[in-house]
Amino acid sequence: MGHFAKMNGLHLKHSDVEDIYSVNHGLADKAVAEGKSAHEIKLYRDRSIRAFLLFLVCCTIFSNKSNYYVDVVYLQYFQDLSAVREWNWGVAALVHLQHYLDDACLVTVNQMAGYMSLLQGWIISHFPGLSVWAQDPIYSEGMPRNAKFVPGAGHREPSSYRNSLDNIQTYGCVFSPYDDHRHVRPLINSCWFSGWLRCGNLKAKHFPERVLRQFKHVQGIPRKPDLSATPGMSLCEIDRVFMEELDLRMIAEEMRGQAVVSAWDHEPGYMTWFYKVSHPVMRPVQAPASPPRPPNLEVLIEAAEARNDPNMLQVCRGVRDEVERSLREGEAVEGTPVHGTLRRILNLLNPVLTCRRLKRGRGRRYNTRE
């Protein structure tokens, strides 16, 4: 307890964890050499394994900003060493990473923690031209995809990355970078779960419907987040959903939509919606040059198309021509109700077209005199 008081919490220094590992590993070897009981040997080995696993996860998926201590609370995941493989470590990594990403968005925060190698690998996979990296020569397809990259030094000034993001083109983004790795790591059905994830006392939202292009589906306007992750759910309620409603929380086939033809395919109106709810432009203080195209080009196109109302004059003219053709070819016998209806329609259309033609003619004469 005195050690924890000195650390201001339930923490152990990296050096302390290393000592625990080394001491117990040595005691296990000594017990084997002296012919001690299997129970005693297992006791020492389990202690050294727990110390190693605690150090491993606290330097990767549970990393903090201190860079010199580990949180003892994570020992609870190693009480039963035979069950370690049954924990959902992927969810744990995502929840912790999103927790620190939320903190990193605050103006007052200048550091970040979490599974940084996972985040860096994700960035390189989706935006290969954004940073400096090389492929590890010993990488093989049987290894995790993140082991493929050896990051370089990169840029010191964040303005370089901001400018690159503002000027990025469609060909500079890989929307589904794991297609050639699916034979090694197939896409499991639980990836379609939509709702709250949790690890310990942390929770985060998971919405695959917002990144359908990563799953090779046409991106549409997603439903509101509250429909997937009910606000204010407690940790116990999140656990209940996983145990009782997991299948009901999966994104159904109809919500996934059609498969993409081009990787960037999206439904009409999506880009306009995206620019309303997001911040797609980083806006550096001093950009060295203007972007090669308007960053919101898709929005401008959709807005222009939305303003192009149907040409009512052209519609009326088409209806008139069709009615005249029907009367001329005798499709409606004179004296029948249908023939009378077509004549009335034609009588209604002719004044409209004549008035429109006269107004247009006066406008031309007026412009000519000027």
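- Looking at heavy atoms from C-beta onward, L130 lies in side-chain contact with L165 at the 4.5 angstrom threshold.
- Judged by distance alone, the side chain of Q219 and the main-chain N or O of L212 form a donor-acceptor pair under 3.5 Å.
- Here the side chain of H126 pairs a donor or acceptor atom with the backbone of W122 at under 3.5 angstrom.
- Among all heavy-atom pairs drawn from M271 and H266, the shortest one is CG-NE2, 3.4 Å.
- Side-chain atoms of N64 come within 3.5 Å of backbone atoms of S66 as a donor-acceptor pair (strictly under, hydrogens ignored).
- Taking the six-membered ring where tryptophan is involved, the planes of F175 and W264 are tilted, since the angle between them lies from 30° to 60°.
- In this structure, H39 places its NE2 atom where only 12 or fewer heavy-atom neighbours from other residues, nucleotides or ligands lie under 6.0 Å away.
- Although no hydrogens or angles enter the test, the distance criterion places no donor-acceptor pair under 3.5 Å between the side chain of R317 and the main chain of V319.
- At a threshold of 4.5 Å between side-chain heavy atoms, the hydrophobic network of Ile, Leu, Val, Met, Phe, Trp and Tyr places V57 and V73 in one connected group.
- Of all heavy-atom pairs spanning R213 and Y270, the tightest one is NH2-CE2, 3.6 Å.
- Side-chain atoms of W192 never come within 3.5 Å of backbone atoms of P208 as a donor-acceptor pair (strictly under, hydrogens ignored).
- The two atoms that bring N189 and R256 nearest to each other are OD1-NH2, 4.0 Å, heavy atoms only.
- Between atom NE2 of residue H181 and atom CE of residue M143 there is a gap of 10.0 Å, rounded to the nearest 0.5 Å.
- Atoms OH and NE2, from Y69 and H14 in turn, are 9.5 Å apart once rounded to the nearest 0.5 Å.
- A distance-only check finds a donor-acceptor pair linking the side chain of H96 to the backbone of A92 [under 3.5 Å].
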### Query
L342 and S326: side chain to side chain contact (heavy atoms under 4.5 Å, CB included), yes or no, with the steps?
CA-CA 8 Å; L342 292 177; S326 178; 3.7 Å; yes
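- Taking all atoms of both residues into account, the shortest heavy-atom contact from V174 to S125 is CB-O, 3.5 Å.
- Looking at F62 and L54, their side chains never come closer than 4.5 Å, going by heavy atoms from C-beta outward.
- Dense packing is recorded around CD of E141, with more than 12 heavy atoms of other residues, nucleotides or ligands lying under 6.0 Å away.
- Judged by distance alone, the side chain of D29 and the main-chain N or O of G26 form no donor-acceptor pair under 3.5 Å.
- A donor atom on one side chain and an acceptor atom on the other are not found under 3.5 Å apart for S48 and R45.
- Between atom OG of residue S37 and atom CG of residue L43 there is a gap of 9.0 Å, rounded to the nearest 0.5 Å.
- Around CZ of F52, the count of heavy atoms belonging to other residues, nucleotides or ligands within 6.0 Å does not exceed 12.
- Expressed to the nearest 0.5 Å, how far CG of D16 lies from CZ of F55 amounts to 11.5 Å.
- Side-chain contact between D239 and C236 is absent, with no heavy atoms from C-beta onward closer than 4.5 Å.
- The closest side-chain heavy-atom distance from V95 to R198 is not below 4.5 Å.
- Here the straight-line distance linking atom CG of N146 with atom CD1 of I124 works out to 8.0 Å at 0.5 Å rounding.
- Note on L27: it does not cluster hydrophobically with I20, by side-chain heavy-atom contacts below 4.5 Å among ILVMFWY residues.
- Ring pair H206/F193 is parallel by interplanar angle, where below 30° counts as parallel and above 60° as perpendicular.
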- Applying side chain to side chain contact (heavy atoms under 4.5 Å, CB included), run through H339 and V333 and close with a yes or a no. CA-CA 6 Å; H339 186 276; V333 179; over 6 Å; no
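- A single hydrophobic cluster is not seen to contain both I49 and Y44; linkage of ILVMFWY side chains at heavy-atom distances under 4.5 Å, directly or through other members, places them apart.
- At least one side-chain heavy atom of W273 sits under 4.5 Å from a side-chain heavy atom of P222.
- For CZ of R325, the number of neighbouring non-hydrogen atoms (other residues, nucleotides, ligands) closer than 6.0 Å is greater than 12.
- Residue K30 qualifies as open at atom NZ: its count of foreign heavy atoms under 6.0 Å is 12 or below.
- Considering all non-hydrogen atoms of both residues, L235 and N201 come closest at CD1-CA, 3.6 Å.
- Using cut-offs of 30° and 60° for the angle between ring planes, the W89 and Y77 rings count as perpendicular.
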E237 vs R240, salt bridge (Lys or Arg N to Asp or Glu O under 4.0 Å): CA-CA, chis, key distance, verdict: CA-CA 5 Å; E237 289 173 326; R240 183 192 61 79; over 6 Å; no
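- Considering every non-hydrogen atom in both Y100 and M112, the closest pair reads O-CG, 4.1 Å.
- By the 6.0 Å contact criterion, CD on Q76 is enclosed, its count of non-hydrogen atoms from other residues, nucleotides or ligands being greater than 12.
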- Query: Please walk me through it: do L101 and L119 pass side chain to side chain contact (heavy atoms under 4.5 Å, CB included)?
  - Reply: CA-CA 10 Å; L101 281 169; L119 177 62; 4.3 Å; yes
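- Judged purely by distance below 3.5 Å, without hydrogens or angles, the side chains of E209 and S228 pair a donor atom with an acceptor atom.
- R223 places a side-chain heavy atom less than 4.5 Å from the side chain of S194.
- Note on V91: it clusters hydrophobically with I251, by side-chain heavy-atom contacts below 4.5 Å among ILVMFWY residues.
- In the displayed structure, K203 atom NZ is contacted under 6.0 Å by more than 12 heavy atoms of other residues, nucleotides or ligands.
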Does the pair V184 and Y178 meet the rule for a side chain to side chain contact (heavy atoms under 4.5 Å, CB included), with working shown?
-> CA-CA 10 Å; V184 178; Y178 312 113; over 6 Å; no
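- For the atom pair OG (S63) and CG (L97), the distance works out to 8.5 Å, reported to the nearest 0.5 Å.
- In this structure, D180 pairs ionically with R145, as a charged nitrogen and a carboxylate oxygen lie closer than 4.0 Å.
- F207 is not connected to M250 by any chain of hydrophobic side-chain contacts under 4.5 Å among Ile, Leu, Val, Met, Phe, Trp and Tyr, and they are in different clusters.
- At a threshold of 4.5 Å between non-hydrogen side-chain atoms, the residues L187 and R182 count as touching.
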